[in-house]
There are 2 protein chains.
Amino acid sequence: MQVTTLCLGALVFGDATGYEINKMFEDGPFSHFLDASYGSIYPALTRLTEEGLVTCKAEAQEKRPDKKIYSLTDKGCLKLRDALQQPIADDKYRSEFLFTLLFAHLLPRSRVRLMVDQRLATMKEKLSELAKPGTNDTPGMDFARQYGYAVYSASVDFLENNRHLIEEIATEEEAHV
Amino acid sequence: MQVTTLCLGALVFGDATGYEINKMFEDGPFSHFLDASYGSIYPALTRLTEEGLVTCKAEAQEKRPDKKIYSLTDKGCLKLRDALQQPIADDKYRSEFLFTLLFAHLLPRSRVRLMVDQRLATMKEKLSELAKPGTNDTPGMDFARQYGYAVYSASVDFLENNRHLIEEIATEEEAHV
DNA sequence: ACCATAATATATAGCCCCGATATATCGTAT
DNA sequence: ATACGATATATCGGGGCTATATATTATGGT
């Protein structure tokens with residue numbers, strides 16, 4: 001799925017600047033299952049404007065860069081609807097954490113323990129974020145949030161109950177280090 | 001994490017060709033939590049050979065392209081060990097499925113139902129793959145497999161128990177279509 | 001009171017990587 | 001007989017992430 005589609009989707013929830021769209025992917029309602037960055041969002045908005053799928057209203061601000069507020073056009077909404085009907089790619093899960101654990105036998109046990117501790121900490125943080133509904137979440141956002149909560153809960157449970165399996169494989173600490 | 005690191009890791013499990021490394025990411029033990037494709041693997045192996053981190057032994061085959069068997073060098077193993085000690089990026093979960101469901105109200109109910117059915121089918125297929133241990137899995141692979149199983153189980157459970165929430169939001173079917 | 005950092009806001013260059021495609025042959029299924 | 005899938009390497013094009021540049025205000029620490 002292209003970033004242009006993601007931007008069209010973001011604008012369904014209201015007019016926004018590129019900066020605000022980026023925030024939606026970084027902290028906001030999309031952050032748990034989507035990715036996009038400035039380097040792709042700004043060019044995407046330019047392309048979308050050229051194609052008439054969004055409009056751009058520049059708001060002059062004193063002593064700050066112009067704020068460019070983008071809005072979805074009818075054409076853009078149709079384009080989004082069309083894109084949403086296309087075949088959907090499989091969910092993708094990427095974990096450098098699991099990759100690293102494949103080589104637990106090459107790593108000192110303290111390092112593996114630290115890795116698991118840190119992973120659990122960040123996951124629990126995300127869990128507590130996902131626990132509280134946003135102030136004006138749509139039903140779709142709510143569904144995605146609860147889905148995320150269920151999955152992260154399962155991850156935390158598994159890690160807590162099975163971390164000993166992988167920690168046992170790691171290289172025992174050397175006494176003289 | 002760069003593809004070069006992934007290739008070094010793949011070669012820990014034994015000598016392999018680029019083709020075989022690709023398979024590890026496509027079907028094999030890495031497929032549940034990692035990604036890499038020909039377009040990155042072959043150039044990566046070339047770079048690694050130039051840097052002396054792997055060696056390449058070309059095996060002439062009649063009427064087929066030479067089979068290039070790559071092996072990890074001691075230097076390559078150290079490099080991997082070093083890379084594994086670096087800070088690990090957060091796990092990344094990307095789902096076009098959840099993105100699409102954010103706009104369930106723009107989609108016909110039949111389409112949403114089909115999407116959920118298909119998602120459940122592919123996830124259950126993956127679950128059954130993850131259920132059976134490989135013939136010569138390392139403990140790390142086993143851990144990753146069980147981790148995957150736990151997470152996919154939670155996903156399936158959530159979807160089955162909550163699909164009605166999102167299906168209710170979708171646009172009711174129009175009688176005349 | 002002063003300094004550093006974060007937040008607001010847009011933009012681009014460089015590099016990496018995915019997807020598609022090209023080439024060539026063999027085994028198997030239809 | 002032929003089409004397809006598996007084996008095997010390789011590259012091009014385009015898309016996108018990371019890092020950086022620029023400019024100002026608000027916030028927080030010391």
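Labels below follow one simple rule: chain letters A, B, ... track the order of the sequence lines, proteins then strands, and each chain is numbered from 1. What you see below is based on every heavy atom in this structure, not just the backbone, and it leaves out hydrogens, waters and symmetry mates.
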Numerically ordered, the residues 13-27 of chain B set in heavy-atom contact under 4.0 Å with DNA chain C is none
Students should find that the hydrophobic cluster of A/I69, defined by side-chain heavy atoms under 4.5 Å apart, otherwise consists of none
Contacts of A/K57 meeting side chain to side chain contact (heavy atoms under 4.5 Å, CB included) (sequence neighbours excluded), chain-then-number -> none
A/Q2 atom CD is separated from C/dC17 atom C1', nearest whole Å, by 16 Å
Note: contacts of residues 30-52 of chain A with DNA chain C (heavy atom, under 4.0 Å) are A/Y38, A/G39, A/Y42
Under 4.0 Å between a side-chain N/O of A/R94 and OP1 or OP2 of C/dC18, yes or no?
-> yes
note: B/K92, atom NZ; D/dG16, atom P; distance rounded to Å ~ 13 Å
Sorted by chain and number, sequence neighbours left out, side chain to side chain contact (heavy atoms under 4.5 Å, CB included) with B/D91 holds for A/Y93, A/S95, A/F97, A/R119, B/Y147
Besides B/L78, the hydrophobic cluster formed by Ile, Leu, Val, Met, Phe, Trp and Tyr side chains linked at under 4.5 Å, directly or via other members, contains none
Review point. Mind checking whether B/V156 and B/L120 have side chains closer than 4.5 Å, heavy atoms only?
Key: yes
As a check of understanding: the bend across the helix from C/dA1-D/dT30 to C/dT30-D/dA1, end axes from five pairs, rounded to 10 degrees, works out to 50°
In short, salt bridge (Lys or Arg N to Asp or Glu O under 4.0 Å) pairs touching residues 7-27 of chain A with sequence neighbours left out are none
Minimal heavy-atom distance between B/D35 and B/L6, with the atoms involved, is O-CD1, 3.8 Å
For B/L114, the side chain to side chain contact (heavy atoms under 4.5 Å, CB included) test, sequence neighbours excluded, returns B/Q118
Here the ring-ring contact (aromatic ring centres under 6.0 Å, His included) pairs for residues 110-133 of chain A, sequence neighbours left out, are none
B/E96 atom CD is separated from D/dG16 atom C1', nearest whole Å, by 14 Å
Taken in chain and number order and not counting sequence neighbours, the residues that satisfy side chain to side chain contact (heavy atoms under 4.5 Å, CB included) with B/T5 are A/F99, B/M1, B/Q2, B/L80, B/A83
Residue pairs passing the ring-ring contact (aromatic ring centres under 6.0 Å, His included) test with at least one member in residues 35-59 of chain B, sequence neighbours excluded, are B/Y38-B/Y42
When rounded to whole Å, the OH to C1' distance for the pair A/Y70 and C/dA9 reads 11 Å
